[in-house]
J.: 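Just dropping this structure here.
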Amino acid sequence: MLDSGGLHARLRYQKAWQEYVEEGYIERVRPGQKTGRLQHFLPHFYVEKPGSLTTKHRPVVDAAACPADGQCLNDLLVTGEQLTSPLLD
């Protein structure tokens with residue numbers, strides 16, 4: 001059973017995911033559901049930073065996690081040019 005702090009964290013986490021759905025960033029796909037599009041499961045976890053001024057709590061996803069077929073989402077994304085200077089030459 002969750003304590004009140006854990007319950008509140010869980011509710012904030014669920015709300016954050018619901019906002020992602022409402023904004024169209026993600027959609028829920030149930031196991032075995034066929035969408036006709038490429039699908040990826042993204043392992044995720046919750047991060048709380050009470051001292052943060054902008055984002056005190058948020059979900060974090062791991063797009064580098066590789067499923068059994070060996071292709072993670074990061075492998076399939078198109079990368080752009082490097083916009084920052086390298087730290088070391």
Side-chain angles (χ1 to χ4, degrees):
M1 181 159 193
L2 295 173
D3 62 10
S4 63
L7 178 61
H8 291 293
R10 181 177 176 162
L11 293 174
R12 286 191 299 269
Y13 194 56
Q14 289 173 337
K15 181 180 181 213
W17 282 112
Q18 185 58 39
E19 289 172 1
Y20 287 175
V21 169
E22 290 169 3
E23 292 292 329
Y25 301 137
I26 63 171
E27 64 182 302
R28 183 173 187 149
V29 178
R30 303 201 185 284
Q33 178 182 347
K34 303 294 183 193
T35 64
R37 297 179 306 209
L38 185 61
Q39 299 175 25
H40 275 276
F41 170 78
L42 294 175
H44 52 88
F45 56 94
Y46 181 73
V47 172
E48 270 194 81
K49 293 170 65 178
S52 174
L53 296 176
T54 57
T55 310
K56 295 184 185 306
H57 43 81
R58 63 189 171 88
V60 174
V61 298
D62 182 4
C66 290
D69 69 6
Q71 280 199 306
C72 67
L73 182 59
N74 279 350
D75 292 338
L76 302 172
L77 296 174
V78 177
T79 56
E81 64 181 278
Q82 183 173 345
L83 299 176
T84 57
S85 300
L87 295 175
L88 302 172
D89 289 325

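By convention here, the first residue in the shown sequence is residue 1.
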J.: Sorted by first residue and then second, give each salt bridge (charged side-chain N to carboxylate O under 4.0 Å, His left out) pair with at least one member in residues 74-87; sequence neighbours left out.
T.: none

J.: Would you name the heavy atoms of Ala65 and Pro43 that are closest together and state the gap between them?
T.: CB-CG, 3.6 Å

J.: Holding to side chain to side chain donor-acceptor pair (under 3.5 Å), I want the full list of residues that pass it with Thr79, two or more places apart in sequence or in another chain.
T.: none

J.: Hey, any chance Tyr25 and Val61 share a hydrophobic cluster, counting ILVMFWY side chains that come within less than 4.5 Å of each other, even indirectly?
T.: yes

J.: Is Leu7 reachable from Tyr13 through a run of I, L, V, M, F, W or Y residues, each pair having side-chain heavy atoms under 4.5 Å apart?
T.: no

J.: Taking only residues two or more places apart in sequence or in another chain, which ones pass salt bridge (Lys or Arg N to Asp or Glu O under 4.0 Å) with Lys34?
T.: none

J.: Should Leu73 and Tyr20 be counted in the same cluster of Ile, Leu, Val, Met, Phe, Trp and Tyr side chains packed under 4.5 Å apart?
T.: yes

J.: Do you know which two heavy atoms are closest between Cys72 and Cys66, and how far apart they sit?
T.: CB-SG, 3.6 Å

J.: Answer yes if Ile26 and Val60 sit in the same cluster of Ile, Leu, Val, Met, Phe, Trp and Tyr residues linked by side chain heavy atoms under 4.5 Å apart, and no otherwise.
T.: no

J.: Not counting sequence neighbours, list each pair that qualifies as a salt bridge (charged side-chain N to carboxylate O under 4.0 Å, His left out) and has a residue in residues 49-68.
T.: none

J.: Can you tell me which residue pairs pass the salt bridge (charged side-chain N to carboxylate O under 4.0 Å, His left out) test with a partner in residues 35-45, sequence neighbours excluded?
T.: Glu27-Arg37

J.: Kindly write out the residues that satisfy side-chain contact (heavy atoms from CB on, under 4.5 Å) with Glu19, not counting sequence neighbours, or none if the list is empty.
T.: Lys15

J.: Got Arg28 and Val21 here, is their nearest side-chain heavy-atom distance under 4.5 Å?
T.: no

J.: Parallel, tilted or perpendicular, judged at 30° and 60°: which one describes the rings of His57 and Tyr46?
T.: parallel

